Amino acid sequence: SITKLVVSGAGSMSVQNTTGNMLVGVATTPNENSASNADVDLRNLTGGFTFSTGAAGTGQLRIGTDTTTGSTTGVNPGNFLRLSNTTNTITADIINIGDNVHAIDNTLQLGTGINNINADTINVAGISGVGRRGNGTIQFTAPGGVGTTTFRAQDGAAAGALNIGVNSANTAAAITGLVDLTGHNINANFTTVQLGVNANSGATTYTHTLNFDSGTMNISTLLRIGRKTSTGGATQVNTVNLGGGTVTIASIDMAAHTSTAGTAQATLNVTGGNVTVTGGITVASASAAGGTGTGTINLNGGTLAVTGN
């Protein structure tokens with residue numbers, strides 16, 4: 001079943017509490033989330049949406065969250081928060097998308113207008129914790145639009161962290177994480193962006209993707225594309241697609257492998273725009289025998305300047 005909340009028409013919606021959480025899709029008893037989903041639809045709310053815990057509050061936004069253990073079987077379409085197409089502001093300590101024991105989809109759908117996303121940490125897909133299997137997605141309602149989407153830390157000024165598939169899930173579920181920012185103007189400041197940093201041992205494939213093609217994105221410390229640390233036979237497929245705009249990255253670490261089994265794959269595709277790496281790029285480093293790390297950089301348009309090597 002789907003529990004659906006639709007808020008539309010004139011006016012706005014505001015949720016403000018320095019210590020309170022906004023939860024979309026909560027399982028509180030075993031197996032609950034395997035049969036039920038939640039969908040909060042604000043797309044036709046003309047006055048916009050605000051969720052705020054303040055610049056220093058401890059509240060979180062969670063899309064897909066379990067407070068129990070239970071079946072690994074999930075039923076989609078999953079859990080959704082669909083933002084308005086006018087102006088949205090989310091201010092939280094942490095945004096978690098996919099903190100499930102159940103293998104279901106969880107989506108934050110950005111509006112086509114203005115989106116201000118202020119969080120110290122954004123976690124997408126398979127949040128760290130034993131047996132976490134939720135898929136996670138950040139994407140837009142539709143291509144195009146007239147507004148800018150901004151990513152900052154909780155205080156609205158500093159840079160935050162973006163994690164896609166950074167977890168310790170010990171599961172055979174094929175976890176996927178996607179942040180698709182294409183088709184819209186982006187202004188993003190991150191300290192670190194990490195894809196596929198896993199300590200899991202399940203024999204399956206985990207897929208994590210970041211897409212960007214317009215505006216600016218600054219990563220002041222590290223872009224990490226794949227790092228496997230467990231002894232299991234899992235395969236990580238991690239991809240960053242940069243198709244336009246201006247991207248500045250302090251350093252890049254691709255397909256690091258510190259375990260004795262499994263595969264870490266990392267691909268960086270540059271097809272447009274201007275990408276500058278002010279430090280260095282490390283590809284397929286390994287500190288243990290037996291595992292496989294494969295890193296690939298494809299330049300098919302745009303420019304890639306590595307000024308630190």
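Numbering starts at 1 and runs along the sequence shown. Just so it is clear, the structure is predicted and the values come from calculations on it, not from any experiment.
- Of the possible polar contacts, none joining the H208 side chain to the T239 backbone as a donor-acceptor pair under 3.5 Å is found.
- Side-chain N or O atoms of D155 include one that pairs as donor or acceptor with a backbone N or O of A157 at under 3.5 Å.
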Checklist entry - For N135 and I175, what are the C-alpha separation, side-chain angles and deciding distance, and is it a side-chain contact (heavy atoms from CB on, under 4.5 Å)? => result CA-CA 5 Å; N135 302 318; I175 299 172; 4.0 Å; yes
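- Taken from CG in N115 to OG1 in T86, the straight-line distance is 9.0 Å, to the nearest 0.5 Å.
- Residues passing the salt bridge (charged side-chain N to carboxylate O under 4.0 Å, His left out) test with D213: none are found, sequence neighbours excluded.
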Could you give the side-chain donor-acceptor pairs of residues 240-247 under 3.5 Å, partners two or more places apart or in another chain?
| residue | atom | partner | partner atom | Å |
| --- | --- | --- | --- | --- |
| N241 | OD1 | N269 | ND2 | 2.8 |
| N241 | ND2 | N211 | OD1 | 2.7 |

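- Scanning for ring pair (Phe, Tyr, Trp, His ring centres under 6.0 Å) contacts around F80 gives an empty result, with sequence neighbours left out.
- Judged as a side-chain contact (heavy atoms from CB on, under 4.5 Å), and not counting sequence neighbours, the contacts of T91 are S52, T89, N118, Q154.
- Under the 3.5 Å distance criterion, with hydrogens and angles disregarded, a donor-acceptor pair is assigned to the side chains of N85 and T112.
- With D253 contributing its side chain and A256 its backbone, the two residues share no donor-acceptor pair below 3.5 Å.
- Under the ring pair (Phe, Tyr, Trp, His ring centres under 6.0 Å) criterion, F151 pairs with F190, sequence neighbours left out.
- Residues satisfying the salt bridge (charged side-chain N to carboxylate O under 4.0 Å, His left out) test with R152, not counting sequence neighbours, are none.
- For residues 173-182, the set of pairs meeting the salt bridge (Lys or Arg N to Asp or Glu O under 4.0 Å) definition, not counting sequence neighbours, is empty.
- When atom types are taken as modelled, the side chain of S251 and the backbone of T221 share a donor-acceptor pair closer than 3.5 angstrom.
- A159 pairs by the side-chain contact (heavy atoms from CB on, under 4.5 Å) definition with N189, T191, not counting sequence neighbours.
- With T46 contributing its side chain and G9 its backbone, the two residues share a donor-acceptor pair below 3.5 Å.
- Listed by chain and number, the residues in a side-chain contact (heavy atoms from CB on, under 4.5 Å) with N274 are T303 (sequence neighbours excluded).
- Connection of F140 to I63 is established within a shared hydrophobic cluster, with ILVMFWY side chains joined at heavy-atom distances below 4.5 Å, either directly or through further cluster members.
- When the side-chain hydrogen bond (donor to acceptor under 3.5 Å, both in side chains) test is applied to N185, the partners found at least two apart in sequence or on another chain are T148.
- Counting non-hydrogen atoms of other residues, nucleotides and ligands closer than 6.0 Å to CG of N44 gives a total of 12 or fewer.
- By the criterion of side-chain heavy atoms lying less than 4.5 angstrom apart, applied directly or through intervening Ile, Leu, Val, Met, Phe, Trp or Tyr residues, L110 is not grouped with V6; the two fall into different hydrophobic clusters.
- Criterion: ILVMFWY side-chain heavy atoms under 4.5 Å apart, direct or through other members. Under it, L45 and V15 are part of a common hydrophobic cluster.
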Item to check | Verdict with reasoning, R224 to T192, per side-chain contact (heavy atoms from CB on, under 4.5 Å) | outcome: CA-CA 8 Å; R224 173 169 281 141; T192 59; over 6 Å; no
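- In this structure, T294 contributes its side chain and A264 its backbone to no donor-acceptor pair below 3.5 Å.
- Within the structure, the salt bridge (Lys or Arg N to Asp or Glu O under 4.0 Å) test picks out no pair touching residues 235-249 (sequence neighbours left out).
- In this view, V40 and L5, V24, L42, L81 satisfy the side-chain contact (heavy atoms from CB on, under 4.5 Å) rule, not counting sequence neighbours.
- Not one N or O on the side chain of N116 forms a donor-acceptor pair closer than 3.5 Å with the backbone of T150.
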Next on the checklist: Please evaluate residues I186 and M217 with respect to the criterion side-chain contact (heavy atoms from CB on, under 4.5 Å), reporting the C-alpha separation (whole Å), side-chain torsions for both, the decisive distance (0.1 Å), and the verdict.
Outcome noted: CA-CA 7 Å; I186 305 297; M217 180 167 64; 5.7 Å; no
Checklist entry - Going through the checks in order, is the side-chain contact (heavy atoms from CB on, under 4.5 Å) test met by L83 and L108? => result CA-CA 8 Å; L83 299 183; L108 172 61; 4.1 Å; yes
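- Between the side chains of T107 and Q109, no donor N or O sits under 3.5 Å from an acceptor N or O.
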